[in-house]
Amino acid sequence: MIGPSQAFALVDVASGLAGTVGQPVDQPKLLGARQMQAMSLAWHIILVCFGVTFPGIVLFTEALWLRTGDLVYRDLARRWSKVMLVLFAVGAVSGTVLSFELGILWPEFMARFGDVFGVAFALEGFAFFIEAIFIAIYVYGWNRIPDRLHLLTGLPMVVAGVAGAYFVIAVNAWMNNPTGFDVVNGQVTNIDPWTTLTNTATWPELIHMLMAAYMVAGFLMGGVYAWAWLRGDRSRRVRVAFAVPFTLAALAAPAQLVVGDWIARYVAVDQPIKLAAQEGLAETTEGAPFTIGGWYEDGEVQGGIEIPYMLSILAFHDPDATVEGLNAVPPEDQPPVNTVRLAFQFMVAVGTGLALLAAWYLLAWWRKRRLPQSKWFYRAAILAGPAAAGALIAGWIVTEVGRQPWIVYDVMRTESAVTQADGVNVGFAVLAFVYAALTVGIIYVLRRFAKRDREADALTTGPEAP
Amino acid sequence: MLAEFAVALLVVGLAAYAVLGGADFGAGFWDLTAGSAERGARVRGLIERSMGPVWESNHVWLIFVLVVCWTTFPTAFGSIMSTLWVALFIALMGIVLRGSAFAFRGESATVSQQRFFGVIFAASSLIVPFFLAAAIGGIASGRVPAGNAAGDLLTSWANPTSVLVGVLAIVTGAYLAAVYMAGDARRGGHDDLVERMRLRALGAGAAAGVVALGGFGVLREDARPLYDGLTEGAGLVAVIISIVAGIAGLWLIWTRRFALARVVAAAAVAAVACGWALAQQPEFLPGALTVEEAAAADATLAAVLIAFVVGVLVLAPSLVLLWRLVLRGRLDRDFRPLGPDRRR
Ligand code: HDD
Ligand code: HEM
Ligand code: HEM
């Protein structure tokens with residue numbers, strides 16, 4: 001019997017078309033495919049932050065209403081749940097784009113490894129089902145299902161959102177740290193389809209992503225109401241609407257520093273070359289320094305601020321530890337250093353900044369039991385959302401570009417995975433146009449939500465005392 | 001044996017998507033043909049109310065088919081997606097525009113915006129089923145060889161069989177949607193809409209029958225092995241079931257028994273999906289890969305089946321809950337005609 005990968009390999013040879021390892025590849029095709037993949041992922045991942053955390057935020061707010069009987073909470077939960085529905089719909093279609101692209105752009109990757117990591121995606125499909133079903137029940141069920149039962153129907157969507165993130169991240173962690181198969185004579189055999197789910201690299205990635213999701217969604221939502229606050233609307237509704245998401249994000253931000261350190265130590269062990277690229281470390285070094293800023297050129301970082309021993313301490317919690325440098329592998333196996341390094345520095349800078357902002361907020365709350373009063377705080381709060389989103393994208397650039405030239409680390413090169421079909425660049429252009437239009441559409445709809453919010457408010461409650 | 005189970009999973013997913021997703025696309029078809037903003041307002045309102053709570057979960061069936069396919073038949077998946085990428089990409093753009101336009105339309109402020117999103121929604125409701133089905137036509141007529149983009153990028157989906165299957169997908173979707181909506185209108189007490197949708201259901205049902213039967217002529221010329229598979233043995237049984245269910249459906253609609261008509265109409269469509277799978281046994285990509293050759297390792301197939309069983313234990317009660325709430329009107333929005341009088 002011919003196994004799947006054999007069949008593929010046979011056809012590869014027969015048709016001479018395939019980009020199997022070692023054959024010359026069509027660089028423009030590869031570039032187009034990578035850019036298309038990157039754009040679609042970056043777009044999806046921002047919406048995912050809402051898909052994962054919005055259910056929790058809305059449910060938390062509804063629970064506050066049920067506990068206190070305060071109608072402000074109920075109105076917020078209801079309005080947010082409608083926004084949630086729209087963002088979920090757009091998140092779902094952009095996720096569909098990714099599923100198609102895995103096959104359209106990377107057919108060799110799927111053909112060889114689809115059966116290794118696929119079970120995680122199959123389970124993810126069920127998670128999406130549950131989330132889609134219960135989001136519908138929850139949002140359309142307001143006022144039609146008894147209150148407490150309604151709160152209960154929201155729970156599955158919270159669980160499914162987190163589960164969905166877990167299954168997808170598990171695949172990504174597997175690409176970084178592939179397990180559960182052997183390659184014998186170029187064939188993938190001895191598949192253990194369950195290892196994808198238990199890969200140790202998954203846990204830090206998942207927690208890091210969940211924290212990031214709370215930061216992106218919470219700071220962006222908070223920013224909307226910080227804007228209202230700055231424009232003079234200090235009503236109780238605005239203050240509550242600011243405080244709920246912002247508090248969640250502010251709790252995640254300091255924790256993210258700890259998780260970031262945790263994930264970096266995983267990278268140091270599993271993918272040392274990625275770490276070397278993050279730091280611009282050309283040579284394997286004992287007691288390696290950490291360099292802030294600067295530009296990597298001619299085998300060293302030029303113009304940065306060097307902190308001695310810091311990298312060894314961060315990566316291994318030991319000032320004398322040896323950190324592997326880029327020279328451990330041949331140049332064709334090294335990722336593009338500056339892209340990875342700048343993305344990493346940006347992420348860390350934003351993470352530190354947001355943790356400080358969060359500390360300001362939490363201290364004000366803890367000492368005075370009220371929101372900060374400084375205008376500067378609210379200005380910073382408006383910036384916090386976009387900054388967190390930027391850090392999110394930067395983090396994924398570290399992960400994905402830092403893994404290059406491998407699509408499956410140390411096993412399959414990206415250039416061997418790419419499609420041989422023509423016209424991918426046309427698809428890329430079309431998709432870019434569609435996404436640009438959609439971005440405009442989303443912003444328009446969100447602004448309409450906000451406007452309707454204010455109108456409804458003016459009608460029902462009238463201006464409130466601060 | 002495990003491989004056959006995996007094929008069965010794919011067929012279940014495809015049939016569910018054809019029946020549930022297909023009806024969503026059909027609703028878009030009626031949206032497109034509902035006439036001017038004034039005349040079509042009530043039909044459009046009904047569509048929005050019927051689809052709102054369910055379209056998301058209907059859409060997930062497509063994702064289900066994709067993930068099961070790449071996990072259990074990875075080689076075939078890579079071959080299909082790379083060779084048919086143009087058709088699939090067009091369908092994909094339709095999916096993106098359609099889902100977003102539907103979500104945006106419900107929130108748009110003015111009639112002209114509503115019309116704008118409405119046209120995108122409706123037009124993409126034709127594009128998506130046509131091109132997805134055209135891709136299936138390419139597979140079924142043996143135009144997808146194994147390998148990375150090894151087939152013809154255009155004729156693999158631009159060919160007589162693909163066009164036939166594409167048109168059939170549009171018409172059956174319209175039929176299913178009209179049947180469902182007639183039932184929904186009855187439940188909501190909109191008698192005028194019941195009659196309008198009933199006539200459309202009869203028309204679309206008859207059209208679907210004509211296309212399907214006429215299509216045998218096309219298949220005979222263009223995809224002889226598929227034609228042979230459908231006219232003998234198990235394939236023939238599925239075809240007969242579909243024909244009987246089709247006729248019974250029309251009769252039930254004629255006599256205004258919409259609840260039963262729903263089920264029978266769905267069965268007629270599902271039987272077509274099964275018929276296709278049965279007709280091309282034991283091939284997965286006709287002429288290129290058999291099911292056995294294309295199937296993943298046993299460990300993976302078994303894992304997918306376990307995942308499926310566990311998943312269904314959670315999914316089935318959830319779907320039943322959703323559908324019961326919908327059918328009992330517990331999730332209905334207040335019915336609002338979708339047109340000029342809805343300025344807010
Ligand atoms: C709000 C977003 C955000 C913030 C503030 C941070 N990160 Fe991050 N980071 C991500 C969002 C993110 C991410 C987008 O979620 C990534 C991509 C893959 C992943 O698991 O998380 C990521 C990846 C990622 C990686 C690569 C992991 C891999 O390749 O497997 C490292 C080493 C770090 N992060 C380290 C940090 C450190 C030390 C931070 C502290 C200051 C930090 N991150 C803040
Ligand atoms: C969690 C699941 C993910 C999977 C399965 C995945 C898969 C892939 C694949 C197949 C490629 C193309 C091959 C390659 O270049 O290595 C890729 C590249 C890329 N992905 Fe991911 N990805 C995931 C998450 C993300 C996310 C969420 C982002 C968000 C921004 C992202 C950013 C990128 C970028 C920037 C590239 C291009 C890198 C390059 O080619 O230089 N990835 N990813
Ligand atoms: C870190 C990466 C990712 C995370 C955390 C994530 C998470 C999610 C979540 C929670 C949803 C539900 C919709 C929403 O809430 O907006 C979703 C939608 C979706 N995602 Fe992603 N995703 C990631 C990357 C990917 C990748 C790489 C793929 C491609 C294979 C993908 C495929 C999908 C699909 C197909 C949907 C739509 C499901 C539906 O129809 O409801 N996602 N994703």
Side-chain angles (χ1 to χ4, degrees), chain A residues 1-2 4-5 7-8 11-12 15 17-19 86 89-90 92-94 96-97 99-100 102-104 107-108 110-112 114-115 118-119 121-126 128-130 132-137 140-141 144-145 191-194 419-423 427 430 434 438 441 445 448-449, chain B residues 52-54 56-57 59-60 62-64 66-68 70-72 74-75 77-82 85-86 88-89 92-93 95-97 99-100 103-104 107 109 145-150 153 289 292-297 299-300 303-304 307-308 311 314-315 318-319 321-322 325 330-331 333:
Chain A
M1 196 200 84
I2 304 185
S5 28
F8 225 69
V11 179
D12 288 359
S15 64
L17 276 172
V86 172
V90 186
V93 290
S94 65
T96 310
V97 173
S99 304
F100 274 71
L102 284 184
I104 288 179
E108 301 264 357
M110 300 309 283
R112 278 184 215 276
D115 49 352
V119 175
F121 270 121
L123 288 167
E124 193 207 15
F126 284 103
F128 290 152
F129 254 129
I130 301 297
I133 290 171
F134 282 94
I135 277 198
I137 294 180
Y140 289 97
R144 295 178 190 271
I145 298 175
I191 295 171
D192 175 359
W194 297 107
T419 178
Q420 293 302 311
D422 289 318
V430 172
V434 168
L438 275 194
V445 169
R448 237 187 85 71
F449 269 120
Chain B
V54 290
E56 280 275 356
S57 54
H59 170 75
V60 184
L62 175 63
I63 310 296
F64 176 84
L66 287 175
V67 298
V68 171
W70 82 48
T71 313
T72 55
T75 329
F77 181 78
S79 312
I80 293 170
M81 298 300 281
S82 52
W85 87 268
V86 178
L88 291 168
F89 184 79
L92 178 61
M93 290 304 95
I95 290 173
V96 172
L97 290 175
S100 337
F104 294 168
E107 303 304 333
N148 186 341
L153 293 186
L289 284 177
E292 280 305 322
E293 284 164 1
T300 303
V304 170
F308 178 76
V314 184
L315 178 63
S318 309
L319 271 180
L321 177 66
L322 175 68
L325 289 171
R330 293 295 292 271
L331 296 183
R333 295 200 208 171

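Per chain, numbering begins at 1; letters A, B, ... match sequence-line order.
- For V93(A) against I95(B), the heavy-atom pair with the smallest separation is CG1-O, 3.6 Å.
- For L123(A), the part sitting under 4.5 Å from any heavy atom of chain B is the side chain, from C-beta outward, and nothing else.
- Contacts with chain A were tallied for L66(B), V67(B), V314(B), I80(B); V67(B) has the most, counting heavy-atom pairs under 4.5 Å.
- The backbone N or O of D115(A) lies less than 3.5 Å from a partner atom in the side chain of T300(B), making a donor-acceptor pair.
- Among F77(B), F89(B), F64(B), F308(B), the residue making the largest number of heavy-atom pairs under 4.5 Å with chain A is F89(B).
- Annotation: ring pair (Phe, Tyr, Trp, His ring centres under 6.0 Å) contacts of F100(A) (sequence neighbours excluded): none.
- Both the backbone and the side chain of V119(A) come within less than 4.5 Å of a heavy atom in chain B.
- Per-residue counts of heavy-atom pairs under 4.5 Å with chain A were compared for L97(B), L88(B), V68(B), L92(B); the largest is that of L92(B).
- Taking every heavy atom of both residues into account, S82(B) and P107(A) meet most closely at CB-CG, 3.7 Å.
- Atom CE in M110(A) sits 4.5 Å away from atom CH2 in W70(B) (nearest 0.5 Å).
- When each of V304(B), T72(B), L319(B), V86(B) is scored by its heavy-atom pairs under 4.5 Å with chain A, the top score falls to L319(B).
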Check against side chain to side chain contact (heavy atoms under 4.5 Å, CB included), L321(B) and F134(A): CA-CA 9 Å; L321(B) 177 66; F134(A) 282 94; 4.0 Å; yes
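- Most heavy-atom pairs under 4.5 Å with chain A: of the set A303(B), G99(B), A307(B), this distinction falls to A303(B).
- Atoms CD1 and OG, on I133(A) and S318(B) in that order, are 5.0 Å from each other to the nearest 0.5 Å.
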